[in-house]
Amino acid sequence: MSAIYDKVLAFMEADIGTGAAADEAFNALALAVFAHQFEHNQPYRRFAMQRGRVPRGVKSWRDIPAVPINAFKDLTLSCRPAEESARIFMTSGTTKGGIRGQIHHTTLTVYDRSTLLNFRRRFMPGAGAGDERMAMGILFPTETAMPNSSLAHYLELARAECGTPDSLHWIGEAGIDIAGLYDRLDAAERSGEPFALLGASYGFVHLMDAMARDGRRFGLPEGSRILDTGGFKGQSRELQPDEFYGQLAEFFGVPRQRCINMYGMTELSTQFYDDGNAVCPSLKSGPHWIRSRVVDALSGLDVPPGNMGVLVHHDLAHINSVAAILTEDAGILEEGGFRLLGRVAGAQAKGCSLAVEDFLAAARG
């Protein structure tokens, strides 16, 4: 079983370029990962067989069946027995009556490598050149406090591997340490060194609300940047993207093109980033080991380029579970990535619900 992990790790490290050769390389590995998951993930195997999609007949990664994201709340989708999991990440439970899905990882080696390679290239000032570090503040609880949170793990990886030794978490059991964070941001201003603030989108809303009450503004040094992720999830007031990124720029003095949004999900092992939010909605893209489609949820077929549909992500790093995920996010494919347009609605939302019912019926046999 380690062979498929080694192949994916080698592919992630490789410079595969672009064009037909890159397409062929991705497709070949996607088919190998599908064969692995078909063999070892029994509920997924039953679903794929019901769809008539078996390894010997599937020739393109686009034809590998995608699992609806809400299925993780009803079934364990793992290639190895659950008791062999090194870590179980749990979804937030913001949909389907608060039920939390479980995603099992027998090792975090591939997850961590995927995260760090991508983070260094897309967020760090040197674009992944070398092992540079920068001072960071984390607006999210620690991994110790939230051991089943993939976001807590992601942010701890970023802090531990890319942050300076004085990089700290600023949210604890009592909430945001407002006074302490003000002092840290004051010190960052005086230092003249770039500073990064990373956390959940709703955490930034709470912080900016406190700053508005206290009449505080900061002008972080040139090269500073902000990373937000996850949306608001009912944890704070909702802001439209233009308003949100405009306020980040106003309160912290960080230009909108340095306010980066990370789009990720517990059900994947790879994240997407934009190149700032000077314009919303931003164009998001991932590394060469993940690809995306936009489909009609009712038919499962790709929609014509430039049309809105439901995003399907195919993540080769997500080895122990399933690589192809049908989300409930609306998007439009464009050259170089996709634009995220929020949650699906109307007929597409109904199509996602029907897809979950179809999957569960097939997967349970």
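In this text the structure is predicted, and so the values were computed from the model without any measurement.
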A.B. asks: For the pair Lys73 and Glu267, evaluate salt bridge (Lys or Arg N to Asp or Glu O under 4.0 Å) and give the outcome as yes or no after the intermediate values.
C.D. replies: CA-CA 11 Å; Lys73 299 180 180 181; Glu267 299 87 351; over 6 Å; no
A.B. asks: Starting at OG1 of Thr266, measure out to CE of Met90 and round the result to the nearest 0.5 Å.
C.D. replies: 10.0 Å
A.B. asks: Could you tell me if the side chain of Leu117 sits less than 4.5 Å from the side chain of Met12, heavy atoms only?
C.D. replies: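 A side-chain contact exists here, since the closest heavy-atom pair is under 4.5 Å.
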A.B. asks: Short question: side chain of Ser299, backbone of Leu301 - any donor-acceptor pair under 3.5 Å?
C.D. replies: yes
A.B. asks: Any Lys/Arg nitrogen of Arg45 or Glu39 sitting under 4.0 Å from an Asp/Glu carboxylate oxygen of the other?
C.D. replies: no
A.B. asks: Count the heavy atoms belonging to other residues, nucleotides or ligands that lie under 6.0 Å from CD of Glu83, then report whether that count exceeds 12.
C.D. replies: yes
A.B. asks: If the threshold is 4.0 Å, N to carboxylate O, is there a salt bridge linking Arg113 and Glu13?
C.D. replies: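 A salt bridge links Arg113 with Glu13.
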A.B. asks: If you measure from CD on Glu161 to CD on Glu156, what distance do you get to the nearest 0.5 Å?
C.D. replies: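 Atom-to-atom, Glu161:CD and Glu156:CD are 9.0 Å apart.
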A.B. asks: Are the side chain of Arg159 and the backbone of Ser167 linked by a donor-acceptor contact shorter than 3.5 Å?
C.D. replies: yes
A.B. asks: Would you name the heavy atoms of Leu75 and Pro43 that are closest together and state the gap between them?
C.D. replies: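 Minimum heavy-atom separation between Leu75 and Pro43: CD1-CB, 4.3 Å.
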A.B. asks: Could you report the tightest heavy-atom contact between Cys79 and Ser321, atom names first, then the distance?
C.D. replies: SG-O, 4.1 Å
A.B. asks: Mind checking the CD1-CZ spacing from Ile260 to Phe119? Nearest 0.5 Å is all I need.
C.D. replies: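 Atom-to-atom, Ile260:CD1 and Phe119:CZ are 10.5 Å apart.
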A.B. asks: Taking the six-membered ring of Tyr245 as reference, does the cationic atom of Arg256 (NZ for Lys, CZ for Arg) lie under 6.0 Å from its centre and within 45° of its axis?
C.D. replies: no
A.B. asks: Quick check: does any side chain N or O of Arg53 sit under 3.5 Å from a backbone N or O of Asp63, one acting as donor and the other as acceptor?
C.D. replies: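 Here the side-chain-to-backbone pair exists.
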A.B. asks: Can Arg122 and Asp274 be said to form a salt bridge (Lys or Arg N to Asp or Glu O under 4.0 Å), step by step?
C.D. replies: CA-CA 8 Å; Arg122 299 300 299 270; Asp274 54 37; over 6 Å; no
A.B. asks: Residues two or more places apart in sequence or in another chain: which of them pass salt bridge (Lys or Arg N to Asp or Glu O under 4.0 Å) with Arg133?
C.D. replies: none
A.B. asks: If we only count heavy atoms from C-beta on, is the Val67 to Tyr44 side-chain gap below 4.5 Å?
C.D. replies: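 Side chain of Val67 against side chain of Tyr44, heavy atoms only: contact under 4.5 Å found.
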A.B. asks: Please answer: with hydrophobic residues joined when any side-chain heavy atoms are less than 4.5 Å apart, are Met146 and Tyr111 in the same cluster?
C.D. replies: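 Each belongs to a different hydrophobic cluster.
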A.B. asks: Report yes if some heavy atom in the side chain of Leu316 is under 4.5 Å from a heavy atom in the side chain of Ile290; otherwise report no.
C.D. replies: no
A.B. asks: Quick one, Leu77 and Ile103 - any side-chain contact, counting heavy atoms below 4.5 Å?
C.D. replies: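 With C-beta onward as the side chain, the pair stays apart.
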A.B. asks: Could you tell me whether the side chain of Arg46 and the main chain of Ala363 form a donor-acceptor pair under 3.5 Å?
C.D. replies: yes
A.B. asks: Would you say Ser78's side chain and Pro81's backbone share a donor-acceptor pair under 3.5 angstrom?
C.D. replies: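 Here the side-chain-to-backbone pair does not exist.
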A.B. asks: With side chains defined as the heavy atoms from C-beta onward, is the minimum distance between Asn27 and Ser60 less than 4.5 Å?
C.D. replies: yes
A.B. asks: Could you walk me through whether Leu198 and Asp228 pass the side-chain contact (heavy atoms from CB on, under 4.5 Å) check?
C.D. replies: CA-CA 6 Å; Leu198 304 85; Asp228 82 285; over 6 Å; no
A.B. asks: Run the side-chain donor-acceptor check on residues 330-342: report pairs under 3.5 Å with partners two or more places apart or on a different chain.
C.D. replies:
{"from": "Glu334", "atom 1": "OE1", "to": "Arg339", "atom 2": "NE", "distance (Å)": "3.1"}
{"from": "Glu334", "atom 1": "OE1", "to": "Arg339", "atom 2": "NH2", "distance (Å)": "3.3"}
{"from": "Glu334", "atom 1": "OE2", "to": "Arg339", "atom 2": "NE", "distance (Å)": "2.8"}
{"from": "Arg339", "atom 1": "NH1", "to": "Pro281", "atom 2": "O", "distance (Å)": "2.7"}

A.B. asks: Could you give me the CA-CA distance, side-chain angles and deciding distance for Met265 and Asp329, then say whether side-chain contact (heavy atoms from CB on, under 4.5 Å) is met?
C.D. replies: CA-CA 11 Å; Met265 54 188 65; Asp329 296 324; 3.8 Å; yes
A.B. asks: Counting C-beta onward and ignoring hydrogens, is there a side-chain heavy-atom pair between Ile319 and Ile4 closer than 4.5 Å?
C.D. replies: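 With C-beta onward as the side chain, the pair touches.
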A.B. asks: Report the distance from atom CG of Leu155 to atom CE of Met136, rounding to the nearest 0.5 Å.
C.D. replies: 9.5 Å
A.B. asks: Evaluate Leu197 against Leu207 for side-chain contact (heavy atoms from CB on, under 4.5 Å), listing each step before the verdict.
C.D. replies: CA-CA 11 Å; Leu197 201 54; Leu207 176 58; 4.2 Å; yes
A.B. asks: Nearest 0.5 angstrom please: Leu298 CG to Leu354 CG, how far?
C.D. replies: 7.0 Å
A.B. asks: As a quick check of understanding, evaluate side-chain contact (heavy atoms from CB on, under 4.5 Å) for Leu248 and Val254, giving each step before the final call.
C.D. replies: CA-CA 7 Å; Leu248 287 179; Val254 175; over 6 Å; no
A.B. asks: I'd like to know whether the aromatic ring centres of His318 and His105 sit less than 6.0 Å apart in this structure.
C.D. replies: yes
A.B. asks: Are the side chain of Asp315 and the backbone of Ser269 linked by a donor-acceptor contact shorter than 3.5 Å?
C.D. replies: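 Pair found, side chain donor or acceptor close to backbone of Ser269.
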A.B. asks: Can you tell me if Asn277 uses its side chain to pair, donor with acceptor, with the backbone of Cys280 under 3.5 Å?
C.D. replies: no
A.B. asks: Might you work through the side-chain hydrogen bond (donor to acceptor under 3.5 Å, both in side chains) test for Asn70 and Glu328, ending with a clear yes or no?
C.D. replies: CA-CA 9 Å; Asn70 266 327; Glu328 294 186 351; 2.9 Å; yes
A.B. asks: Give a yes/no verdict on a cation-pi contact between Arg291 and Phe26, requiring under 6.0 Å between NZ or CZ and the six-membered ring centre and an angle within 45° of the axis.
C.D. replies: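 That pair qualifies as a cation-pi contact.
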A.B. asks: Is the centre of the His313 ring less than 6.0 Å from the centre of the Tyr263 ring?
C.D. replies: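 Close enough - the centres of the two rings lie under 6.0 Å apart.
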A.B. asks: Has the side chain of Gln37 got a donor or acceptor atom that lies under 3.5 Å from a matching backbone atom of Ala323?
C.D. replies: yes
A.B. asks: Can you name the nearest heavy-atom pair linking Ala86 to Thr106, along with the distance?
C.D. replies: CB-O, 3.3 Å
A.B. asks: How many angstroms lie between atom NE2 of His169 and atom OG1 of Thr144, to the nearest 0.5 angstrom?
C.D. replies: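 Spacing of NE2 (His169) from OG1 (Thr144) equals 8.5 Å.
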A.B. asks: I'd like to know if the side chain of Thr229 and the backbone of Met262 have a donor-acceptor N/O pair within less than 3.5 Å.
C.D. replies: yes
A.B. asks: Got a sec: does the CD of Glu243 have more than 12 other heavy atoms crowding it under 6.0 Å?
C.D. replies: yes
A.B. asks: What's the shortest heavy-atom distance between Ala317 and Thr270, and which atoms?
C.D. replies: CB-OG1, 3.6 Å
A.B. asks: Is the number of heavy atoms from other residues, nucleotides or ligands under 6.0 Å of Arg225 CZ greater than 12?
C.D. replies: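 Count over threshold, so yes.
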A.B. asks: Any side-chain heavy atom of Phe252 sitting closer than 4.5 Å to one from Leu185?
C.D. replies: yes
A.B. asks: Take the angle between the ring planes of Tyr202 and His206 and call it parallel below 30°, perpendicular above 60°, tilted in between.
C.D. replies: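 If you compare the ring of Tyr202 with that of His206, the planes turn out perpendicular.
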A.B. asks: If hydrophobic clusters are built by linking Ile, Leu, Val, Met, Phe, Trp and Tyr wherever their side-chain heavy atoms come under 4.5 Å apart, do Ile16 and Trp61 end up in the same one?
C.D. replies: yes
A.B. asks: Could you tell me if the ring centre of Phe89 sits under 6.0 Å from that of His104?
C.D. replies: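 Aromatic pair excluded; centres sit 6.0 Å or further apart.
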A.B. asks: Do the side chains of Arg120 and Cys162 get nearer than 4.5 Å, heavy atoms only?
C.D. replies: yes
A.B. asks: Tell me whether His288 contacts the main-chain N or O of Phe11 through its side chain, where contact means a donor paired with an acceptor under 3.5 Å.
C.D. replies: yes
A.B. asks: What are the two closest heavy atoms between Pro221 and Pro194, and how far apart are they?
C.D. replies: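 In this case the closest contact between Pro221 and Pro194 is CB-N, 4.3 Å.
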A.B. asks: How would you list, by chain and number, every residue that makes a side-chain hydrogen bond (donor to acceptor under 3.5 Å, both in side chains) with Tyr273, sequence neighbours excluded?
C.D. replies: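 Residues passing side-chain hydrogen bond (donor to acceptor under 3.5 Å, both in side chains) with Tyr273: Tyr154.
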A.B. asks: Does a side chain donor of either Asp112 or His153 reach within less than 3.5 Å of an acceptor in the other side chain?
C.D. replies: yes
A.B. asks: Show the nearest heavy-atom pair for residues Arg80 and Asn320, with the distance to one decimal.
C.D. replies: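 Shortest heavy-atom contact: N-OD1, 3.3 Å.
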